[in-house]
Structures are given as structure tokens and as C-alpha cells.
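Some notes on the structure that comes next.
Just so we're on the same page: letters track the sequence lines, and every chain starts at 1.
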Amino acid sequence: MVESLQMLAMGFSVATSVENLLAAFIGAILGILVGAMPGIGSLAGCALLLPITFKFNPVTAIIMLGAIYYSNMFGGAYSAILLNVPGDSPAIMTALDGYPLARKGRAGKALLTSNVSSFVGGVIGMVILVFLGPALARLGLKFGPSEMAALMLVAMTSVSWLVGENPVKGVIATCLGMMIATMGVDGITGNVRYDFGNIYLLGGINFIPLVIGFIGLAQVFELAENRFSVAEPIQEKFSILGGLLTRHDIRRITPPVLKSSFLGTFVGFLPGAGATTASFLGYAIQKKFGKNEEELGTGAIEGLAAAEAANNAAAAGAFGPLLSLGIPGSGTTAVLLGGLMMWGLNPGPMLFASEPEFAWGLIASLFISNLIALLVAMISIPWMAKVIRVPVGVMIPSIITICFVGAYATTNSMYGVVIMVIGGVLGYLFQKNDYPVAPLLLAYVLSSSLEINVRRALVISKGSVSIFFERPISLVLMLVFFTLILAPVIRGILSRARKQRP
Amino acid sequence: MRNLNSRTVIAFCTFLLALVWLYLGIYEYGVWDARHRPLPGLFPAGIAAVLLAASLAGMVQSLREKPADYRRPAFEVAASLVLLVAACFTFGMLPSLLVYFVLWQVLVEKTPVRALVLSTLVVGAIVWGVFVWWLQIPFENGIIYDLIMY
């Protein structure tokens, strides 16, 4: 415990350099602005802003990326509260009470409640991360190739199962992500695979243009189709003073914020869960067991606080498996992992030992980003109404322009742009046909590591798959994996049997 | 075949893709060597086999699903993207993006002049400031520029 605090202090010395503070500050402002724009959200926000970090050294770049990711969570609440359009899926629960509260003329209070709850949730999540992250990494050090492979299978499967309502589509998306990742150089033998004689495919499909297309550009299609269905923004002048929380308000939100923060952090630690699940759970628990002065769903600040605290705590908790095991818990953390890999950093059990400056610098920067995001979010309350009123007609060509220059900047060639456009069209078709995108991204970033571990395990066992069932940890993980696969099948059979019963 | 829709087409495409991956994985890259060690084709072929089965299930399932609803603005965006890529190759990236940005707002969105000028200045400043000046990205000049200059 003391060691963790010492390392955190070292992390703060890294994170508080002028360059890193500036990067966190710029990241926080950009993250809030992009996150607040209706229809963009944290995943698209991170994807679109990723190329901006190219100029920095890896530590500063990742600190900026962490700040963008974190402040996006703050920003997502603005469009949910003021427009009833959740910027991303974790903000769905925020809109349930945030928008009715704003309609009652208390938009300033709703925004401030959301900001404060997000901040507290984030701090609690980060404190837990400081102590549990290294412990998880120590556990990870005991993992051999078979355990790592089994863990990755669990992570991929649980995301496919949790994100989509349709397991078949989840499996298709996951397999497609893995297959795309197998193009290019084989990580073990160095042989080139699936390049189809194309010189550009020798290096495989670049992740950044793909994710900019799949998430950012695909969003443009959605915006174009739904441009007339965006609700009228709340016409109210906001001020920080006007929205200040009273002592009574603070008493009302303290219990849900604390409960949801702890719950959210642990949900965030689970591979495959993440901020959306956390905010749903936090809200549901508050609705069922919490003391609420007003009914949830009609503008109760308890509900708003519970959802926001849970999703920000989960965002912090998600860094646990990401840094300690190299397992992202959601689409957004998969983008972060892609960014880390782009910088040559390989998150996993060795990261805390081999790159302590980076790991602890990033964790410390999350504390700083959280504070900066709170300050920026509070100060910008009066202007945010203008930001979210940017017409969709202006946003469409603006996002397309940023997607094009961002994708080009990644590869310095039109190859990146072509990948991005193809990815955008595919992403749109995925959305339209109810295929989840997060499993594809997660599978893409985990595929290479999964393949290396599977093949190493099979080399050790001389080709016998029994290696995945011989050691206790891998056996348990494989049982979880098979349970996740079989659960929907059994559920389907049972429900059919129930329907047939007279 | 009454319910054949884009959901079926997507599942059929992934089925074909899986077949290609499976074939190349087994016959081109190999699965096991003589000493029972995995070869580069093993993992992709294994994934392709799972995708093959899932795509078949997806095709069957898609026949029971409601077709996806596509709207005209999405096709406008798709067509504009194709034109924009072609323009980037021909006239260069930055001029093409500028013309696209202005034309889209004038022709499709009917944006008022004030908002058009303001948004062009803001996005132009971001593109020029961040990508040209700061990141120093050597953007595509286009075929015409190359023909004139070289």
C-alpha cells in the first residue's frame, strides 16, 4: 500500500511537468467540447482526437489521451441534460433525470450535480485503481500463455454478449475484428499473410484510420439521417452561481454518489463491463433501494448523481484491467489501447514493473485531468448551451473534414483515408443492421496478443489443447468462457420450451 | 427469399470472407508442422471456421428480421465521400476539403452566410493550425499539381 503511494507520488512528479499539465489541460477542454456535441460521444471523440497526440512523446501523448477520454465523460452529460440526446451510451441514464430537471428550469443545477458527481466518482475510482491496479498486475504475472489466452477469450466474449442483444451478431463482429487484425506480418514467424499482393496491406490494416472511420465517420451518416429529430435545446441562461448546490442538495446526493462510485469502480474492473453497465446498475440500485425525494425519472438529482458517479468511477476502474492485464473493457478503452500500442507501449502485467513512469504518470494524470475537467466543465456551463447548439448541418462537413485529415495524418498517405472511408461505410452498415462495433474494435486490438499466447501455449503442449484446462486459473477462465458462450443458447432453449408449454 | 435484405447480405459477405480466410489459412499458410507446432494459418483459419458457422446462423436469423431502413441523406453522404476521395487524388487534399466544406453547406444544408464563414474559419484554423503548421503533415498534392510541378 505504501509502495503504491510512493509510486503515485513519482507519477505526480511526471504528470506535473509543464508539458504534461498543458497536454492534460488541452485534452480536458477538447474532450468536454467534443463530448458535449450531440451525437458524437466519448468513443468517437477519442477516435477523432487521437491524431492530435502524434506530436508528443509517448507519455505526454497518453496523458492527453487519458484527459480526452476522461473529460469526454463529463461532456457527454451536457447534451443528455440539455437536449435529451445522450452523447454516448453511459449518458442514457443521465438523460432520464437530467433532462426533466432541465425542463423544470433547473438546468444549471442539473449540470453542476452531474459535474460534482462525476468528479467524486472519478476520484473514488482512481483511489481504488491506485491500490488494486498493481495487485491485479501481480496476479497477472502468474499468468502463462494459456491463462492469458483464456482471459482474452473471456474479455472478448463478455463484450460481445454484453454490448449487443444478439449473440450471433456479436460473434460475427468479434471474428471479423480478429480476421482483419491477422492481415499483414505474422507476429511470431514474420511471414506476411492475407496481403493479397497489395503493397499497402503488407503492414496490415492500420487501427487508427479504421477506428476513425468505424466510429467517427459512421456517426456522420447517423447525424445526416436524424438531423431533424434533435430536440430543441433548453432555452435558459445558465450561471454557475444560479446552479450552486445547497446543503440540502449535497445531503441528497452524497449517499447515491458514494454507493455508485464503489459499485462503478468494481464494474469497471470487470473485463467486458464498463461505464454503460455501471451507470445502468448505479441508477437501478438507486431506484430500488435509495431514498429519493422525487420519483426517479421525473427530475430527481439522486438519479442523476447515481448515474454520473457510476459511469465516471467505471471509466477510472477500466484502467485497472487495461494497464495491468492489457484487457480493455469497452470500445473507448480499446481505442486507448490502440493508442498505447501505437506508441510502442504494451499494457500487461509487466507494465507497472518495466514502465513505472508511464503507468504511474498516467494514473496521476487521471487525478489531474479529473480536477481540470471539473473546473473546465463548471466554468464553461454558461457557454456550453452555445456549443451544443452547433447545427448538425455544420457538424457533418466539419466531422468529415477532421476524419479525412486525421486519417491521412496517421499514414501520411491516401491509404489511411481509403481505409477510413471503407471503415465509415462499414460502421454505418453495422449500426443500421444492429451489429455491435465495440466487440470488433476490442477483438482487433486483442487479436495479435491472443494469437501469440495461443500459439505459445500450443508449442509448450506440443499441439495439445488440454493445456488450457490443466492449470487452475486457465481452467476457471475457460469454464467462464464456455458459460458465456452457452448461456444464450440455453436461455433460448428454455424460453422456447416455456412458450411451448400449455 | 421474400425477406432477403441487407442483414442477409452482410452475413453472406462475412461467410464469403470466412471461406477465403479458411482456404488461405489451411492451404497457403499451413496449420500444423510435422512436429505438431502451430503455423501462421492456424489462428486465422480457426477464427474463420467460427465466423463461417456464425455467418450461416446470421443468414438464417436475418430472414426473420425486419429489414434495415435506409434514408436518402445517408446515400448523399456516401456519394459525397466517393467524390471527395476522387477529388483529393486529383486536386489535392486541402483544396478539395475546402471546396467540399463550402459546397456541402451551401448546396445541401443551405447554411446562412454568417454561419458558413464562421464555421469555415474555425475548421480551417483547426486543420491548418493543428495538422499543417503544428504536426507538419505533408498532405496529398493531387495528380494535377504533380503533373505541373514535375
Toward chain B, the part of [X] with a non-hydrogen atom under 4.5 Å:
{"X": "A:K432", "answer": "both"}
{"X": "A:V394", "answer": "both"}
{"X": "A:S447", "answer": "both"}
{"X": "A:S398", "answer": "both"}
{"X": "A:I172", "answer": "both"}
{"X": "A:M183", "answer": "side chain"}
{"X": "A:V185", "answer": "neither"}
{"X": "A:V459", "answer": "both"}

Quiz item: Does a side-chain N-to-carboxylate-O contact under 4.0 Å join B:R7 and A:D434?
Solution: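 A salt bridge links B:R7 with A:D434.
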Residue selection (most heavy-atom pairs with chain B, distance under 4.5 Å) from [options]:
{"options": "A:V405, A:N191, A:L426", "value": "A:V405"}
{"options": "A:M178, A:M414, A:E222", "value": "A:M414"}
{"options": "A:G463, A:G187, A:A181, A:G424", "value": "A:G463"}

Practice problem: First locate atom CZ of B:R37, then atom OG1 of A:T189, and finally report the distance between them rounded to the nearest 0.5 Å. | Solution: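 Rounded to the nearest 0.5 Å, the CZ-OG1 separation comes to 11.5 Å.
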Quiz item: In Å, rounded to the nearest 0.5 Å, how long is the span from OG1 of A:T174 to CG of B:L51?
Solution: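 With rounding to 0.5 Å, OG1 (A:T174) is 10.0 Å from CG (B:L51).
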Quiz item: What part of B:F131 is in contact with chain A, defined as an atom under 4.5 angstrom from a non-hydrogen atom: side chain, backbone, both or neither?
Solution: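 Only the side chain of B:F131 comes within 4.5 Å of chain A.
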Quiz item: Is a side-chain donor-acceptor pair under 3.5 Å present for B:Q61 with A:N166?
Solution: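 Yes, because at least one side-chain N or O of A:N166 sits under 3.5 Å from a partner of the opposite role on B:Q61.
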Self-check item: Contact residues of residues 118-125 of chain B (partner chain A; heavy-atom separation under 4.5 angstrom)
Solution: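 Only B:S119, B:V123 of residues 118-125 of chain B have a heavy atom under 4.5 Å from chain A.
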Quiz item: For chain A, which residues from residues 13-22 of chain B lie under 4.5 Å away (heavy-atom distances)?
Solution: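 Residues of residues 13-22 of chain B touching chain A at under 4.5 Å: B:T14, B:L17, B:A18, B:V20, B:W21.
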Quiz prompt | Most contacts with chain A, counted as non-hydrogen pairs under 4.5 angstrom, among B:V102, B:L24, B:V130 | solution =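 Most pairs with chain A among the choices: B:L24.
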Quiz item: Using a cut-off of under 4.5 Å for heavy-atom pairs, which of B:W104, B:F101, B:F43 has the most such pairs with chain A?
Solution: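 Highest number of pairs under 4.5 Å: B:F43.
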Self-check item: For A:E225 against B:D69, the heavy-atom pair lying closest together
Solution: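 Smallest interatomic distance, heavy atoms only, reads OE2-O, 4.3 Å.
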